[in-house]
2 protein chains.
Amino acid sequence: MSIESLSALDRSTLRERSLEALRSAILSGRYRPGDHLGEVELAGSLGVSRGTVREALRHLQQEGLVTAGTRGMLRVNSLTAIEVRELFRVRAALEGLAVREIVASPRRAATAATLRAALERLSDEDEPAARIEADLGFHLLLCRLSGNSMLVEAWQRLEGRMRVAILDGSAAQAPMMARDRHAPIVDAIERGDADAAVRVVDEHMTAAAEHFAEATAAS
Amino acid sequence: MSIESLSALDRSTLRERSLEALRSAILSGRYRPGDHLGEVELAGSLGVSRGTVREALRHLQQEGLVTAGTRGMLRVNSLTAIEVRELFRVRAALEGLAVREIVASPRRAATAATLRAALERLSDEDEPAARIEADLGFHLLLCRLSGNSMLVEAWQRLEGRMRVAILDGSAAQAPMMARDRHAPIVDAIERGDADAAVRVVDEHMTAAAEHFAEATAAS
DNA sequence: ACGAGGGGCACTGTCGACAGTCGCCACGTC
DNA sequence: GACGTGGCGACTGTCGACAGTGCCCCTCGT
């Protein structure tokens with residue numbers, strides 16, 4: 001009985017609600033990396049059948065929050081320091097493409113303005129969880145504004161793993177998500193300097209990678 | 001009764017076999033893009049229960065071979081010409097990262113040799129399906145040899161969508177997969193010229209994108 | 001004391017059935 | 001003839017139960 005039962009107020013499917021509940025249970029740290037996620041236990045906690053929670057778990061597996069162990073048993077995923085570095089390099093490639101497409105677009109000025117507005121939200125948040133949301137929200141917005149739907153999808157499929165990495169190294173990650181860490185990206189986009197923008201994104205990602213990789217290694 | 005029943009010879013799970021059967025049924029064109037994939041019909045065809053085929057379908061959905069329509073109904077996916085172009089740009093970014101990492105690696109020479117060997121297989125194949133496999137195999141190898149596991153995963157999550165795109169424009173795609181289209185990539189890697197390698201990959205992807213996008217638009 | 005064997009336990013894999021919902025078609029009404 | 005309406009069929013959502021399979025611990029024999 002680790003997670004609260006599902007409320008029956010909204011009209012979404014039980015699977016969706018179970019998925020959400022499980023995701024937030026993992027992301028909030030209620031389940032630690034490596035913890036076994038038994039279908040029967042979760043079904044009991046959530047008040048749904050095993051089949052339903054099973055589907056939610058499979059979805060989380062695709063997201064990378066959950067990984068398969070022996071005999072199909074699922075457990076909360078955790079990343080090695082090496083994987084964290086790899087992950088951020090892939091992110092850099094993806095977001096590098098995003099800024100390139102944004103700069104090349106005729107709507108560049110409007111896009112830059114949107115991004116600058118989003119930048120503001122990064123300083124407003126104090127609570128760690130809110131900071132994480134603001135940071136990921138900014139980067140997702142960056143991908144969305146590229147107008148490349150496949151890019152957005154690819155990025156989102158990385159998001160789960162990113163959250164795992166952040167979860168592991170949640171201590172003192174605040175500086176990485178500060179406003180002035182992201183401002184140079186917008187600056188370069190505004191100037192229309194694609195190469196500089198890519199370089200800045202790359203540096204941002206490299207720094208973040210080291211930050212979280214060290215935190216992972218330390219834990 | 002469109003697909004043959006599952007053989008009970010091997011020891012893999014029914015879900016895995018169903019998944020494989022459905023995937024190959026879609027990829028072989030037995031189901032056309034837009035076709036509705038009913039759980040009951042498929043369960044009957046495959047000789048498994050609805051729950052089992054359901055899980056296989058959900059997996060295919062994540063792979064991008066299948067997409068959700070109204071009221072959760074699933075149908076065979078198809079890509080617009082725009083999405084095909086987007087897809088190949090993402091691929092270019094990913095494989096660009098791959099060649100960069102390969103060039104930067106101390107094992108560059110050995111990697112280049114491996115790739116050159118793989119290059120040979122591209123000319124051997126005559127049948128379209130085999131050519132597709134050889135081509136995708138080469139690019140997957142490229143990602144694998146980068147040593148970046150997250151990159152490989154990201155690329156593989158794009159693979160299903162790629163196959164859909166290829167499926168749509170299967171006519172006369174042969175030249176795109178020829179050996180000399182890929183050789184320049186290996187050449188640049190061998191020379192250790194990362195920028196040139198990235199540029200070559202980019203051009204290769206752009207050309208392929210146009211090729212398949214046009215074929216998609218025509219169909 | 002220590003190793004082999006066996007039985008229970010805790011899982012997941014798979015299945016068949018019931019329930020709710022949406023679209024469609026025929027029918028009756030104005 | 002057009003339109004509302006009621007039943008019907010086809011789907012997916014969800015559930016509870018049975019089956020198979022390792023793992024662990026307990027027991028028994030030496």
Side-chain angles (χ1 to χ4, degrees), chain A residues 1-23 25-26 31-63 65-77, chain B residues 1-23 25-26 31-32 34-62 65-77:
Chain A
M1 281 297 183
S2 301
I3 47 187
E4 64 278 355
S5 240
L6 268 31
S7 71
L9 294 176
D10 58 274
R11 227 165 260 91
S12 57
T13 66
L14 284 178
R15 184 187 57 220
E16 287 165 10
R17 272 180 284 168
S18 302
L19 180 58
E20 196 99 13
L22 283 175
R23 188 163 26 213
I26 293 174
Y31 292 105
R32 316 290 299 180
D35 279 4
H36 168 57
L37 297 172
E39 296 176 0
V40 288
E41 176 203 334
L42 295 176
S45 301
L46 293 164
V48 297
S49 88
R50 260 188 63 217
T52 303
V53 71
R54 189 186 175 83
E55 283 201 59
L57 282 172
R58 285 268 135 75
H59 198 104
L60 289 174
Q61 191 180 358
Q62 291 291 332
E63 286 186 23
L65 265 66
V66 153
T67 188
T70 60
R71 233 177 73 225
M73 292 202 194
L74 299 177
R75 41 185 234 281
V76 178
N77 199 7
Chain B
M1 279 295 182
S2 302
I3 48 186
E4 65 279 355
S5 240
L6 267 32
S7 71
L9 294 175
D10 58 89
R11 225 164 265 92
S12 57
T13 65
L14 283 178
R15 185 187 55 223
E16 288 166 10
R17 273 180 283 167
S18 303
L19 179 58
E20 197 98 13
L22 284 174
R23 188 164 25 215
I26 293 174
Y31 292 105
R32 317 288 299 179
D35 279 3
H36 168 56
L37 297 172
E39 295 176 0
V40 287
E41 176 204 334
L42 295 175
S45 302
L46 293 164
V48 297
S49 89
R50 257 188 65 217
T52 304
V53 72
R54 189 186 174 83
E55 282 201 59
L57 282 172
R58 285 268 135 74
H59 199 103
L60 289 174
Q61 191 179 359
Q62 290 292 330
L65 264 67
V66 153
T67 187
T70 59
R71 233 176 77 223
M73 293 202 193
L74 299 178
R75 42 185 235 280
V76 178
N77 199 6

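Just the heavy atoms: all of them, side chains too, but no hydrogens, waters or symmetry mates, feed the values below. Chain naming here is simple, since letters A, B, ... match the order of the sequence lines and numbering starts at 1 in each.
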From CZ of B:Arg50 across to P of D:dG16 the rounded distance in Å is 16 Å
Notebook entry, point to check: Hey, is the side chain of B:Thr52 poking within less than 4.0 Å of OP1 or OP2 on C:dC15, counting only N and O atoms?
Noted result: yes
**Message:** Just to be sure I understand the rule, does B:Arg15 reach a base, reach only the sugar-phosphate, or reach nothing, if contact means heavy atoms closer than 4.0 Å?
**Reply:** sugar-phosphate
request  = For the pair B:Arg17 (side chain) and B:Ser12 (backbone), establish whether a donor and an acceptor sit closer than 3.5 Å, ignoring hydrogens and angles.
outcome  = yes
Winner on side-chain proximity to A:Arg71, out of D:dT21, C:dC15, D:dT14, is D:dT21
Just to confirm, is there a sub-4.0 Å distance from OP1 or OP2 of D:dG13 to any side-chain nitrogen or oxygen of A:Arg54?
no
Which of B:Leu74, B:Thr52, B:Val48, B:Leu37 passes side-chain contact (heavy atoms from CB on, under 4.5 Å) with B:Leu42? Answer is B:Leu37
Per atom distances to the A:Leu14 side chain, the nearest of D:dT14, D:dC11, C:dT14 is D:dT14
Closest to the 5' end of DNA chain D, once B:His36 and A:Thr70 are matched to their nearest nucleotides, is B:His36
From CG of A:Asp35 across to P of C:dC11 the rounded distance in Å is 13 Å
| query | Just checking A:Arg75: base, sugar-phosphate only, or nothing, at a heavy-atom cut-off of under 4.0 Å? | reply | nothing
Note to self: OP1 or OP2 of D:dT14 versus the side-chain N and O atoms of A:Ser49: is any pair under 4.0 Å?
What the structure shows: no
Atom CE of B:Met73 and atom C1' of D:dG13 are separated, to the nearest Å, by 12 Å
Quiz item: Under a 4.5 Å cut-off applied to non-hydrogen side-chain atoms, are B:Glu55 and B:His59 in contact?
Solution: no
With the side chain defined as heavy atoms from C-beta on, B:Glu39 is closest, among D:dG13, C:dG13, D:dC23, to D:dG13
Between CG of A:Leu57 and P of C:dC11 the distance, given in whole Å, is 13 Å
* To do: For A:Leu74, answer base if it contacts any base atom (sugar-phosphate contacts may also be present), sugar-phosphate if it contacts only those atoms, and nothing otherwise; contact means non-hydrogen atoms under 4.0 Å.
  => nothing
Could you check whether any side-chain heavy atom of B:Leu65 comes within less than 4.5 Å of a side-chain heavy atom of B:Val76, counting everything from C-beta outward? no
Between B:Glu39 and B:Leu57, is any pair of side-chain heavy atoms under 4.5 Å apart?
yes
Separation of D:dT12 atom C1' from B:Arg58 atom CZ, nearest Å, is 9 Å
Separation of D:dG13 atom P from A:Leu19 atom CG, nearest Å, is 14 Å
Using a heavy-atom cut-off of under 4.0 Å over every strand shown, decide if B:Leu37 touches base, sugar-phosphate, or nothing.
-> sugar-phosphate
Does B:Gly51 reach a base, just sugar-phosphate, or nothing at all? Heavy atoms under 4.0 Å.
nothing
Whole-Å distance, A:Glu16 CD to D:dT12 C1', equals 13 Å
